[in-house]
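Source: prediction; values computed, not measured. Below, chain A is the first sequence line, B the second, and so on; all start at residue 1.
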Amino acid sequence: MRLMSIQLNESEPFDLDATLCCGQTFRWEKHGEWWYSVAKGKILKIRQTNNRLVFENVDSGFVKAYFRLDDNLLKVYSQISKDDHVRRAISVFRGLRILRQDPWECLISYICATYKSIAGIERMLFSLSRRFGEKIHFDGLDFHTFPTPRRLTRAHPDDLAKCGLGYRTKYVHETAEIINKNELKFERLKNTSYKEAKAELMKLPGVGLKVADCVLLFSLEKLGAFPIDVWIKRAITEHYARYFQKELILRTTSKRSLTSMDYEKLNAFGREYFGEYAGYAQEYLYHYERTHC
DNA sequence: CAAGTGCCTTTATC
DNA sequence: AGATAAAGGCACT
């Protein structure tokens, strides 16, 4: 198997570990110095040494697309650096990039992600793949492809539940049926406006405001999407309270879940305040809130 | 060790 | 319409 590499220069910061550990993706595993995952039915194996990305089994075009090396991160930074707090988060995780994930896997992942810890999400998704995906042997390790829509349609709900999906079982199964019937085309959503694409996604069972925003940001080219989860809610109430009415801040700090009205307010703030690349700001704030507070 | 809390929320029901 | 409760289960305290 041939090793290939990409040389990164100063103007294109990239940090592989930060990118894969920030909680946007759930099916990567590190063995020794190498990161492994399965994408498009193939093993992706990659490592970073300083300014060099070394990878195997995939071509550089795929690596550039998947890791969004086509994003001008310096331009992104200059646009989202609106205050000291984001600037701090950016400086800590400099090189973290949004991934360009597969929409189907991303959709199911975030339907499963509701009300669940990251470790729990990873367990569910590995379990789903082990049970319903295709096994691939590589470097003496076993990997599994992510199950296709058709395969999940055929799966018995009891067997989905055995993967720890709980109340999400029905949502995953019904969404798989809709996608399998090709009633929602991801490629079309990429070329549709943020608002319209979000409304389309929210017709799917198990997809609300937050899940839709995650799928749009991580797999459908909507870098301006700004998902609001408990951590971002915390970051906003702690560092951006001055932009909101006192009652909203009180409500969101005292209650566990957001009303859809309050979600819309926090979401609109993020998108307007940070601009075109608000999703990047979200990911830096999210990761910073989880690891440094 | 039991019980409580929290988890990258959505939906059903009042 | 707008608020509230219920929905796996697991990890952590």
query = Can you check C:dG8 for me, syn or anti if syn means within 90° of 0?
reply =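 Syn.
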
With a 4.0 Å cut-off on heavy atoms, is [X] in touch with a base, just the backbone sugar-phosphate, or nothing at all?
| X | value |
| --- | --- |
| A:I232 | nothing |
| A:Y286 | base |
| A:E289 | nothing |

Are [X] and [Y] ion-paired here, with the side-chain N under 4.0 Å from a carboxylate O?
| X | Y | result |
| --- | --- | --- |
| A:K185 | A:E200 | no |
| A:R47 | A:E33 | yes |
| A:D213 | A:K210 | no |

Distance between the [atom1] atoms of [N] and [M], in whole angstroms?
| N | M | atom1 | answer |
| --- | --- | --- | --- |
| B:dA12 | C:dG8 | P | 13 Å |
| B:dC8 | C:dT13 | P | 14 Å |
| B:dG4 | C:dA6 | P | 15 Å |
| B:dT5 | C:dA5 | P | 15 Å |

inquiry  = Heavy-atom count check: over 12 atoms from other residues, nucleotides or ligands less than 6.0 Å from A:R87 CZ?
reply    =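 Atom CZ in A:R87 is packed in, count exceeds 12.
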
key: CD/A:E264: more than 12 non-hydrogen atoms of other groups inside 6.0 Å   =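 Yes, the 6.0 Å shell around CD holds more than 12 heavy atoms from other groups.
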
ask   = A:R234 side chain N/O closer than 4.0 Å to the phosphate oxygens (OP1, OP2) of B:dC7?
value = yes

message = Just to be sure I follow the notation: if a pair is Watson-Crick (purine N1 to pyrimidine N3 plus N6-O4 or O6-N4) or a G-U wobble (N1-O2 and O6-N3), each under 3.5 Å, what dot-bracket string does DNA chain B give, with | for pairs to another strand?
response = ..|||||.||||||

Gap between atoms [atom1] and [atom2], on [X] and [N] respectively (whole Å):
| X | N | atom1 | atom2 | result |
| --- | --- | --- | --- | --- |
| A:M261 | C:dT4 | CE | C1' | 16 Å |
| A:R123 | C:dC12 | CZ | P | 9 Å |
| A:R168 | C:dA6 | CZ | P | 17 Å |
| A:K265 | C:dG2 | NZ | P | 10 Å |
| A:L204 | B:dT9 | CG | P | 18 Å |
| A:D262 | B:dT9 | CG | C1' | 14 Å |
| A:L285 | B:dC8 | CG | P | 16 Å |
| A:L217 | B:dC8 | CG | C1' | 12 Å |

query = Does A:W231 or A:V207 map to a spot on DNA chain B nearer the 5' end, using the closest nucleotide for each?
reply =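 This one resolves to A:W231.
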
remark   = Judged by nearest nucleotide, the residue sitting upstream toward the 5' end of DNA chain B, A:Q282 or A:G206, is A:Q282

ask   = Want to settle it: does A:Y115 or A:A119 sit nearer the 5' end of DNA chain C, counting the closest nucleotide to each?
value =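 So the residue in question is A:Y115.
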
Nearest to side-chain heavy atoms of [X], which nucleotide of [options]:
| X | options | value |
| --- | --- | --- |
| A:Y171 | B:dT11, C:dA7, B:dC8 | B:dT11 |
| A:K116 | B:dC8, C:dA7, C:dG9 | C:dG9 |
| A:E283 | B:dT9, B:dC8, C:dG9 | B:dC8 |

Only pairs under 3.5 Å count here: list side-chain donor-acceptor contacts from residues 284-293 of chain A, not counting sequence neighbours, and write none if there are none.
residue	atom	partner	partner atom	Å
A:Y284	OH	A:Y77	OH	2.6
A:Y284	OH	A:L96	N	3.2
A:Y284	OH	A:L96	O	2.6
A:T291	OG1	A:H287	O	2.6

key: Taking every non-hydrogen atom, the tightest pair across A:S109 and A:L125   =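 Shortest heavy-atom separation between A:S109 and A:L125 comes out as OG-CD1, 3.4 Å.
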
inquiry  = Could you check, using the six-membered ring where one of them is a Trp, whether A:Y167 and A:Y115 have ring centers closer than 6.0 angstrom?
reply    =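 No: the rings miss the under 6.0 Å criterion.
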
